[in-house]
S.K.: 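Once you've had a glance at the structure underneath, I'll fire off some questions.
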Amino acid sequence: MLDCAHGGELLDTFSLLDREWVPVVAGGGERRHVSLRDSLLRAAEFRRIDAGHPLQTAALYRLHLAVLHRALKGPKDAEQGADWYLAERFPDEVARYLDRYADRFHLFGPRPFMQVADLDPALVGENFRSHWTRLSAEEGSPNTTALYNVEARPGGDRSDALTPAQAALRLLEHQNFALGGLIKRFTTSARAAPVATAGLFLAEGANLYQTLCLNLVPYPQAMHGPDLPPWEEAPLTVAQIRAHYDPEQPRVAAGYASRYAWPSRSVLLLPEETPQGVVVRSIGFGAGVPLEGPGEGSGTGTDPMVSLRPSRDPKNEQPFPYKLRRERLLWRDLNALLPDPAAQVDENRQGKVKVRPGTPPRTVSHARDVMQTVAERRAGAGKPPPAPSQDAPEDVWAEEGIPDARAAHPVIPVVVFGQLTDQGKAFAMRQETYTLPEAFIENPERFRDHVQAALTDAGTVGEALRRSVHLLAQALLKKDAERDPHKDDVGKLAAQIPAEPTYWAGLDTPFRAYLLALDADPQAALRDWHAALRRAALAGWHIAQEAAGMNAAGLRAVEQAQGLLLKALSALKPKETPHDQARSG
């Protein structure tokens, strides 16, 4: 094992500020690793952060934003955010901040970054020792399903050791996305990381610098003093962690920076010298600092990257964070990004109306405010509008076939990151990108109405298709029998007919095209969207017809079942949104 104080001289402690470990995409599409100092101070030279791993990419962005909030104590508002956006480099306070805390950004040594320095199993007990895969969502974690777990798969294999750069990424990933569960180190069951199961939203600019500016939401004065990330505090010790659990004493997140860098687990990377250099095979591991309150925060302290939705339970007024779901992509819930997206009106038996609000991610709302402010300043100065957010070389875009991959006007691409979980187990991770057009920047409320109308129509047709398939299954099972088939048998047969998945899968690309077409002509965009709904629904119904068969019984069942779908398709026609009605009135 590496002795970091060998011979009175500190061996390589791997400075995160100066060593190359942050994966970025450069302007020409080249993928490379840079130091944290360079990714912050030379951010305009890079297109984006891209670890090739959604959770690590999200964790890296959160680290960058935490550092910038603390270094700049801001921004105060969208006006200052626009100042930084136009300056193309951050104020000198960032470089001075990095120099001030440089000794706290060493991965190894007496004050290791985001670790508990004295959590050495040789000192506190071998039961605190774990393999490095404990930090990984998909390689050996007990919170991972067998299908997802690389180590558990037949023939699966894991790397025996991590390089320091890989270890730093795994450390950040785990501190942000560790799931709760049995741990038996300091406590029986450890809490989940603050945003372990939430979808995290990030607005993208034309380069990494713009992206960071767009996502630096207003930083309240009240957070400036107490909102200390781990590198600004005295290093955590085993004694302090034990004190948090005897009895359990949760700690409050004092602001955005501490929430972005919360020590969800106690970790100590145990470096070893090898002929190939320093590696990490094992770690000291235990429960971290328990967080008081909901992981996503509440009120003004809500995590800026999280969208809150109203509870489906009318008795529960506490909103919950938007989560990525196995059965649907983000575009079907796009209003989670928009102003007052989740406002839900409830009417009780006495006729009293109550609005239960939701909250869009502050990162997206602030990005819109900054882009609008920048556009207004440029217009006032007689300058062209901001450069297209995705004005990048072709080879940067892996999804160049997607309609919104290279929008030709000012837009805001929004990325959502997260892991998909079920009953405390992770089974997948996901990263999606959708482009909000200029219509969103100019009038987000009207844009929301257009999106809601399009999603409502898609849901209506999708439900008609589902019910038609259910009727088809019922007719196929009934045949000439007098009794109706059992509902469970009908449900099982309907579930085997992939008409509805075919329908939704065929709408992702048309919806992207619909969003961008709103800038030119909303009514034409809606007509094209309705045409796409018809094509997708008929493609799904064709699957159902093939499942029914071309015999007399199958044809008769199709004839009996298709009425609901055909009625829904014939009802498709452009509708006026509330904003359109107000304008025409």
Side-chain angles (χ1 to χ4, degrees), residues 16 53 55-56 58-60 62-63 66 104 107-108 111-121 123-144 162 166-198 228-231 233 235-246 248-253 258-271 280-293 295-296 303 419 421 424-426 429:
L16 298 178
H53 186 292
L55 306 187
Q56 292 176 13
L60 279 167
R62 289 169 73 82
L63 172 63
R104 299 301 306 275
L107 196 61
F108 311 121
R111 305 179 72 173
F113 176 75
M114 289 189 69
Q115 299 169 64
V116 179
D118 59 345
L119 190 62
D120 189 334
L123 302 176
V124 297
E126 286 299 315
N127 61 314
F128 284 90
R129 185 185 299 276
S130 289
H131 192 272
W132 70 260
T133 48
R134 189 69 186 252
L135 302 178
S136 169
E138 76 278 12
E139 295 184 80
S141 168
N143 290 104
T144 317
L162 297 174
Q166 292 169 332
L169 292 173
R170 290 295 183 186
L171 175 65
L172 283 177
E173 170 198 337
H174 198 68
Q175 296 290 24
N176 279 272
F177 294 100
L179 294 172
L182 198 66
I183 194 167
K184 293 186 177 180
R185 295 174 175 89
F186 297 129
T187 185
T188 301
S189 181
R191 300 188 183 196
V195 291
T197 61
L228 302 179
W231 54 86
E233 295 190 296
L236 275 171
T237 65
V238 169
Q240 290 172 328
I241 298 296
R242 291 188 191 280
H244 277 291
Y245 294 99
D246 190 22
E248 185 170 303
Q249 299 178 17
R251 179 176 162 186
V252 176
S258 55
R259 190 175 294 281
Y260 284 161
W262 193 260
S264 307
R265 295 292 182 269
S266 299
V267 178
L268 179 64
L269 302 176
L270 303 174
V280 174
R281 285 191 176 88
S282 58
I283 61 174
F285 186 81
V289 178
L291 177 67
E292 185 171 308
E296 71 280 359
D303 193 295
Q419 58 184 339
T421 62
K425 296 285 187 180
M429 65 184 79

S.K.: Could you walk me through whether L63 and Q175 satisfy the side-chain contact (heavy atoms from CB on, under 4.5 Å) test, starting with their C-alpha distance in whole Å, then the side-chain angles of each, then the deciding distance to 0.1 Å, before giving a yes or no?
M.R.: CA-CA 11 Å; L63 172 63; Q175 296 290 24; over 6 Å; no
S.K.: Which value, rounded to the nearest 0.5 Å, describes the distance between T188 atom OG1 and Y245 atom OH?
M.R.: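 Here the interatomic distance stands at 11.0 Å.
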S.K.: Which heavy atom in A66 sits nearest to a heavy atom in W231, and how many Å separate them?
M.R.: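 Between these two residues, the closest heavy atoms are CB-CH2, 4.0 Å.
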S.K.: So which heavy atom on V280 is nearest to which on A167, and how close?
M.R.: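 Heavy-atom minimum between the residues: CG2-CB, 4.1 Å.
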S.K.: Using 0.5 Å steps for rounding, measure from the CG atom of L60 to the CG atom of L55.
M.R.: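 It comes to 11.0 Å.
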S.K.: Using 0.5 Å steps for rounding, measure from the CG atom of L291 to the OG atom of S264.
M.R.: 8.0 Å
S.K.: Does Q249 have any side chain to side chain contact (heavy atoms under 4.5 Å, CB included) partners at least two apart in sequence or in another chain, and if so, which?
M.R.: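 If we apply the side chain to side chain contact (heavy atoms under 4.5 Å, CB included) test to Q249, skipping adjacent residues, the hits are P247.
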S.K.: Can you measure from CD (Q166) to CH2 (W132) and round to the nearest 0.5 angstrom?
M.R.: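 The CH2 atom of W132 is 7.5 Å from CD of Q166, to the nearest 0.5 Å.
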S.K.: Taking side-chain hydrogen bond (donor to acceptor under 3.5 Å, both in side chains) as the definition, give me every residue that meets it alongside E292, ordered by chain and number, with sequence neighbours left out.
M.R.: none
S.K.: Check whether Q115 reaches the backbone of L107 with its side chain - one donor and one acceptor, N or O, closer than 3.5 Å.
M.R.: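 Flag set: sc Q115 to bb L107 pair under 3.5 Å.
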S.K.: Quick one: do R170 and H53 satisfy side-chain contact (heavy atoms from CB on, under 4.5 Å)? Show the steps, please.
M.R.: CA-CA 10 Å; R170 290 295 183 186; H53 186 292; 3.7 Å; yes
S.K.: According to the salt bridge (charged side-chain N to carboxylate O under 4.0 Å, His left out) rule, which pairs have a member within residues 182-192, sequence neighbours left out?
M.R.: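 For residues 182-192, and leaving out neighbouring residues, the salt bridge (charged side-chain N to carboxylate O under 4.0 Å, His left out) pairs sorted by first residue read R191-E248.
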S.K.: Please identify each residue that fulfils side chain to side chain contact (heavy atoms under 4.5 Å, CB included) with A196, with sequence neighbours left out.
M.R.: L179, A192, A193, Q419
S.K.: State which residues pass ring-ring contact (aromatic ring centres under 6.0 Å, His included) with F128; sequence neighbours excluded, sorted by chain then number.
M.R.: F186
S.K.: What residues form a side-chain hydrogen bond (donor to acceptor under 3.5 Å, both in side chains) with R281, not counting sequence neighbours?
M.R.: E272
S.K.: Looking at side-chain heavy atoms only, is the closest gap between T187 and P290 below 4.5 Å?
M.R.: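 Heavy-atom side-chain distance check fails, nothing below 4.5 Å.
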S.K.: Walk me through it: do I283 and L119 pass the test side-chain contact (heavy atoms from CB on, under 4.5 Å)?
M.R.: CA-CA 9 Å; I283 61 174; L119 190 62; over 6 Å; no
S.K.: So I241 and V289, do their side chains get closer than 4.5 Å, heavy atoms only?
M.R.: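 The answer is yes; the side chains approach within 4.5 Å.
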S.K.: Has R104 got a side-chain atom pairing as donor or acceptor with P230's backbone, closer than 3.5 angstrom?
M.R.: yes
S.K.: Kindly write out the residues that satisfy side chain to side chain contact (heavy atoms under 4.5 Å, CB included) with D303, not counting sequence neighbours, or none if the list is empty.
M.R.: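 D303: side chain to side chain contact (heavy atoms under 4.5 Å, CB included) contacts with R62, V195, R259, Y260, M305, V306.
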S.K.: Nearest heavy-atom pair of L268 and A117: which atoms, and what distance?
M.R.: CD2-O, 3.6 Å
S.K.: Taking side-chain hydrogen bond (donor to acceptor under 3.5 Å, both in side chains) as the definition, give me every residue that meets it alongside T421, ordered by chain and number, with sequence neighbours left out.
M.R.: none
S.K.: Within this structure, what is the CZ-CG distance for the pair F113 and L269, rounded to the nearest 0.5 Å?
M.R.: 11.0 Å
S.K.: R111: which residues meet the salt bridge (Lys or Arg N to Asp or Glu O under 4.0 Å) condition with it, sequence neighbours left out?
M.R.: D103
S.K.: What pairs with E233 under side-chain hydrogen bond (donor to acceptor under 3.5 Å, both in side chains), at least two apart in sequence or on another chain?
M.R.: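 side-chain hydrogen bond (donor to acceptor under 3.5 Å, both in side chains) list for E233, sorted by chain: R251.
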S.K.: Heavy atoms, side chains only, cut-off 4.5 Å: are L236 and S266 in contact?
M.R.: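 No, every pair of side-chain atoms sits at 4.5 Å or beyond.
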S.K.: Search all heavy atoms of P194 against all heavy atoms of W262 and return the closest pair with its distance.
M.R.: CG-CB, 3.7 Å
S.K.: Only counting residues at least two apart or in another chain, list the ones meeting side chain to side chain contact (heavy atoms under 4.5 Å, CB included) with D118.
M.R.: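 Once residues adjacent in sequence are excluded, the partners of D118 under the side chain to side chain contact (heavy atoms under 4.5 Å, CB included) criterion are V116, T237, V238.
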S.K.: Enter the distance from L16:CG to L172:CG here, rounded to the nearest 0.5 Å.
M.R.: 8.0 Å
S.K.: Can you list everything that forms a salt bridge (Lys or Arg N to Asp or Glu O under 4.0 Å) with E296? Sequence neighbours excluded, please.
M.R.: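 Not a single residue meets the salt bridge (Lys or Arg N to Asp or Glu O under 4.0 Å) criterion with E296.
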